There are 2 protein chains.
Amino acid sequence: MPDSGSLSVKTVSRLAGLSAHTLRAWERRYGAVTPRRTETGHRLYSQSDVERLKLLVKLVEQGNSIGRIARLQDEELAQLCRSMAPERGSQSPLLQELERQEQKTDATAGETHERIGRILEELLDAIPGFELDRVADALTRARQTLSPRDFALEIIAPVLGEVGLRVSHGRMGISQEHLLSSRIRSALEAALEQLDRGLRSQPWAVALATAQGDLHEFGSLIGAVLCASHGLRPLFLGPNLPAPDFAEAVRSTRARVALLGTTPLPPGAMPLSYEEYLTRLDSQLPRDCALWLGGRGDIKLGALKLQHEVRAIATLELLDHALKGIS
Amino acid sequence: MPDSGSLSVKTVSRLAGLSAHTLRAWERRYGAVTPRRTETGHRLYSQSDVERLKLLVKLVEQGNSIGRIARLQDEELAQLCRSMAPERGSQSPLLQELERQEQKTDATAGETHERIGRILEELLDAIPGFELDRVADALTRARQTLSPRDFALEIIAPVLGEVGLRVSHGRMGISQEHLLSSRIRSALEAALEQLDRGLRSQPWAVALATAQGDLHEFGSLIGAVLCASHGLRPLFLGPNLPAPDFAEAVRSTRARVALLGTTPLPPGAMPLSYEEYLTRLDSQLPRDCALWLGGRGDIKLGALKLQHEVRAIATLELLDHALKGIS
DNA sequence: GGCAGTTTGTCTAAGTTTTGTCTAAATATA
DNA sequence: TATATTTAGACAAAACTTAGACAAACTGCC
């Protein structure tokens with residue numbers, strides 16, 4: 001029985017460093033610890049009770065309120081204790097930021113998943129009632145807690161998928177969709193800008209766009225975030241870009257990859273079919289620039305004779321992997 | 001709850017280095033941080049709140065005014081902090097102070113105009129060569145030096161006008177235009193979000209959108225920024241919104257004004273003409289909601305018999321004035 | 001330079017919540 | 001019997017809340 005010691009109130013009070021009165025009050029009011037009892041009602045504290053109490057005392061001394069932390073699990077207490085530790089005085093903001101990023105990554109995998117689930121739920125829950133505050137909060141929180149890559153892949157992509165479904169089933173209005181899209185786009189752009197600031201002076205690596213008439217920009221935008229996450233400086237040219245302009249941009253910036261986002265579109269939505277668009281793009285693109293197709297656009301590559309080798313990358317996960325390969 | 005510390009006002013005041021009074025004033029007046037609350041109303045600060053506050057304190061000490069920086073995003077703060085830092089270290093505090101005073105006084109009214117001119121030039125100069133870094137810097141600087149209203153009216157609107165001219169004259173490529181638009185939009189959205197955070201809990205005042213088929217969103221977006229600057233909470237629904245959805249959104253949010261952004265478009269660009277669109281919108285809009293038309297769309301109002309009184313507001317300056325009237 | 005208006009830190013006042021401490025009476029232990 | 005522990009409840013200090021006042025400093029403007 002290593003952990004079932006039988007320490008009395010007085011002993012524990014001395015060991016943990018608080019009065020017996022307080023000790024009992026903490027138990028009565030906040031359930032800070034729940035020692036075993038003798039048949040006659042006397043408390044029997046264990047060694048781990050003492051440890052827990054010591055931790056609580058320490059945290060309270062650091063300014064936490066006992067009523068708020070008393071019911072936390074041991075693990076949560078330990079974590080809180082760790083996160084309270086860095087109380088170094090005047091650090092440069094840069095260092096602070098780095099530290100914060102470290103803190104982010106040190107969340108364990110399991111927790112991350114749970115958190116992602118919560119954020120997803122929160123987002124999808126807040127949309128129907130125009131609760132933009134909650135949406136904004138959830139997005140901000142997600143962007144602060146997760147890496148840009150995870151933010152894009154684990155939060156934004158699923159949300160967009162679900163939104164698409166709901167809209168097509170009539171379970172979500174177009175105005176709600178627009179509102180959410182707008183917020184999501186601005187969050188993605190902020191993430192992209194943030195990453196991009198770290199890639200200045202780097203050469204442009206991947207140019208992204210969608211074809212003329214294709215207004216679905218999110219695929220490319222997430223693609224750009226992924227590129228930047230892998231250290232490949234993206235040139236996000238937005239949706240609806242004519243082939244000559246795409247080629248010209250690639251030429252001017254000497255990007256190594258041209259990534260065209262594609263979507264299954266009804267015929268006639270685009271002034272040129274994907275096949276026609278690709279033919280033109282192919283002929284005007286520099287020789288040493290790779291041509292990638294992202295997304296699930298309906299394209300018959302077989303019939304085309306293109307100079308560039310074309311690589312089709314259907315999903316964002318595959319793109320993530322492909323980028324890992326060339327970075 | 002990984003990041004949801006339970007720090008009290010007092011603790012945070014000690015950690016961040018400002019008085020509890022000031023801390024609350026910053027929250028009340030500028031929304032510098034928004035801690036969670038207990039059921040009884042006591043504030044619960046998180047560790048990241050503390051980080052943010054430390055940053056704010058530092059920036060305020062360096063001469064920034066809290067009212068201007070309190071609502072900036074965390075990253076913007078970090079960036080601002082970095083950009084304030086450069087020549088520190090070897091200088092005496094006295095010299096720093098003198099320098100700061102110089103910097104302050106040299107920003108007189110007359111120079112605001114000159115500064116606007118410089119930023120404009122910088123922007124238009126950096127675009128042709130894909131110098132996105134300079135573009136981003138200029139935009140960030142503009143957004144930090146100017147009020148959101150001035151930023152939108154004095155910088156963004158003229159730039160967009162000039163860009164439109166250049167594109168139509170073939171003096172600017174479409175890819176450059178897309179790149180710039182994307183940055184501008186994200187800057188405007190950031191400004192909007194920043195303002196919006198100060199308007200939470202306010203009722204929705206103005207709903208903005210453009211008609212189905214009209215993809216020009218900048219007018220409405222700037223309009224939204226103007227609304228927010230005047231304390232009128234905007235609901236920016238984005239471009240390309242069908243009339244029923246517009247009306248539904250207005251109904252759900254009880255917005256007092258529906259503002260439709262319009263543009264002179266070639267016939268056939270929109271599935272419904274403005275006249276048809278307006279007729280539908282008019283019939284579905286709540287009675288007590290005003291209907292405003294922004295921009296220079298070509299609309300024959302005379303022939304229409306609408307229930308709502310329609311107010312046409314051709315320019316952003318006029319909109320600014322109209323908003324002043326109802327705020 | 002002087003003047004009106006805004007910004008901002010500080011403070012007061014009155015009321016609520018949290019929390020450590022204590023009392024009283026009953027029971028247990030040694 | 002003397003000492004410890006139990007419960008329930010009382011109490012007050014400390015801390016927190018909001019609303020508003022106020023003056024110093026800063027702003028833009030003439």
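A note on names: the letters A, B, ... follow the listed sequences, proteins ahead of strands, and every chain is numbered from 1. Computed from a prediction, not measured in an experiment: that's the story for all the values here.
- Nearest to the side chain of T22(B), among dC16(D), dG9(C), dG20(D), sits dG9(C).
- In this model, the phosphate group of dA4(D) is not approached by any side-chain N or O of S8(A) to a distance below 4.0 Å at OP1 or OP2.
- Residue R200(B) qualifies as enclosed at atom CZ: its count of foreign heavy atoms under 6.0 Å is above 12.
- Partner of Q194(B) under the side-chain hydrogen bond (donor to acceptor under 3.5 Å, both in side chains) criterion, out of E76(B), R143(B), R71(B): R143(B) alone.
- Between R134(A) and D125(A) a salt bridge is recorded (basic side-chain N to carboxylate O distance below 4.0 Å).
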Item to complete: Go through the steps for D74(A) and R52(A) under the test salt bridge (Lys or Arg N to Asp or Glu O under 4.0 Å), then give the verdict.
Response: CA-CA 7 Å; D74(A) 285 355; R52(A) 182 181 169 84; 2.5 Å; yes
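- Residue contacts shown for R68(A) are absent, as no nucleic acid heavy atom lies under 4.0 Å away.
- In this structure, R43(B) reaches the sugar-phosphate backbone alone: every heavy-atom distance under 4.0 Å involves primed, P, OP1 or OP2 atoms, never a base.
- Residue H21(B) is in base contact, counting any heavy-atom pair closer than 4.0 Å across all strands shown.
- Taking every side-chain heavy atom of Y30(B) into account, dT8(C) is the closest of dT8(C), dT21(C), dT29(C).
- If you measure from atom CZ of R24(A) to atom P of dA26(C), you get 18 Å, rounded to the nearest angstrom.
- In this structure, of dG20(C), dC16(D), dT10(C), it is dT10(C) that holds the atom nearest to the side chain of A25(B).
- Between R29(A) and R29(B), the residue whose closest nucleotide on DNA chain C is further toward the 5' end is R29(B).
- The side chain of V9(A) approaches dT6(D) more closely than any other nucleotide in the set dT6(D), dT17(C), dT29(C).
- For H42(B), taking side-chain heavy atoms from C-beta onward, the closest of the listed nucleotides dT10(C), dG9(D), dT18(C) is dT18(C).
- Across all strands shown, I66(A) has heavy atoms under 4.0 Å from sugar-phosphate atoms exclusively, and none from any base.
- Between the side chain of T140(B) and the main chain of A136(B), a donor-acceptor pair closer than 3.5 Å is present.
- What separates CZ of R37(B) from P of dT17(C) is a distance of 14 Å, to the nearest Å.
- Set against dA28(C), dG9(C), dT17(D), the side chain of T40(A) has dA28(C) as its closest nucleotide.
- The nearest whole Å value for the distance from the CZ atom in R36(A) to the C1' atom in dT6(D) is 18 Å.
- Counting non-hydrogen atoms under 4.0 angstrom, S65(A) reaches the backbone sugars and phosphates but no base.
- Rounded to whole angstrom, the span from the CZ atom of R28(B) across to the C1' atom of dA21(D) amounts to 11 Å.
- Whole-Å rounding puts the E39(B) CD to dT17(C) C1' distance at 12 Å.
- Between L56(B) atom CG and dT8(C) atom P there is a gap of 12 Å when expressed in whole angstrom units.
- Taking the side chain of K10(B) as heavy atoms from C-beta on, and the options dT7(D), dC16(D), dT18(D), the nearest nucleotide is dC16(D).
- In this structure, CG of L23(A) is placed 14 Å from C1' of dA4(D), rounded to the nearest angstrom.
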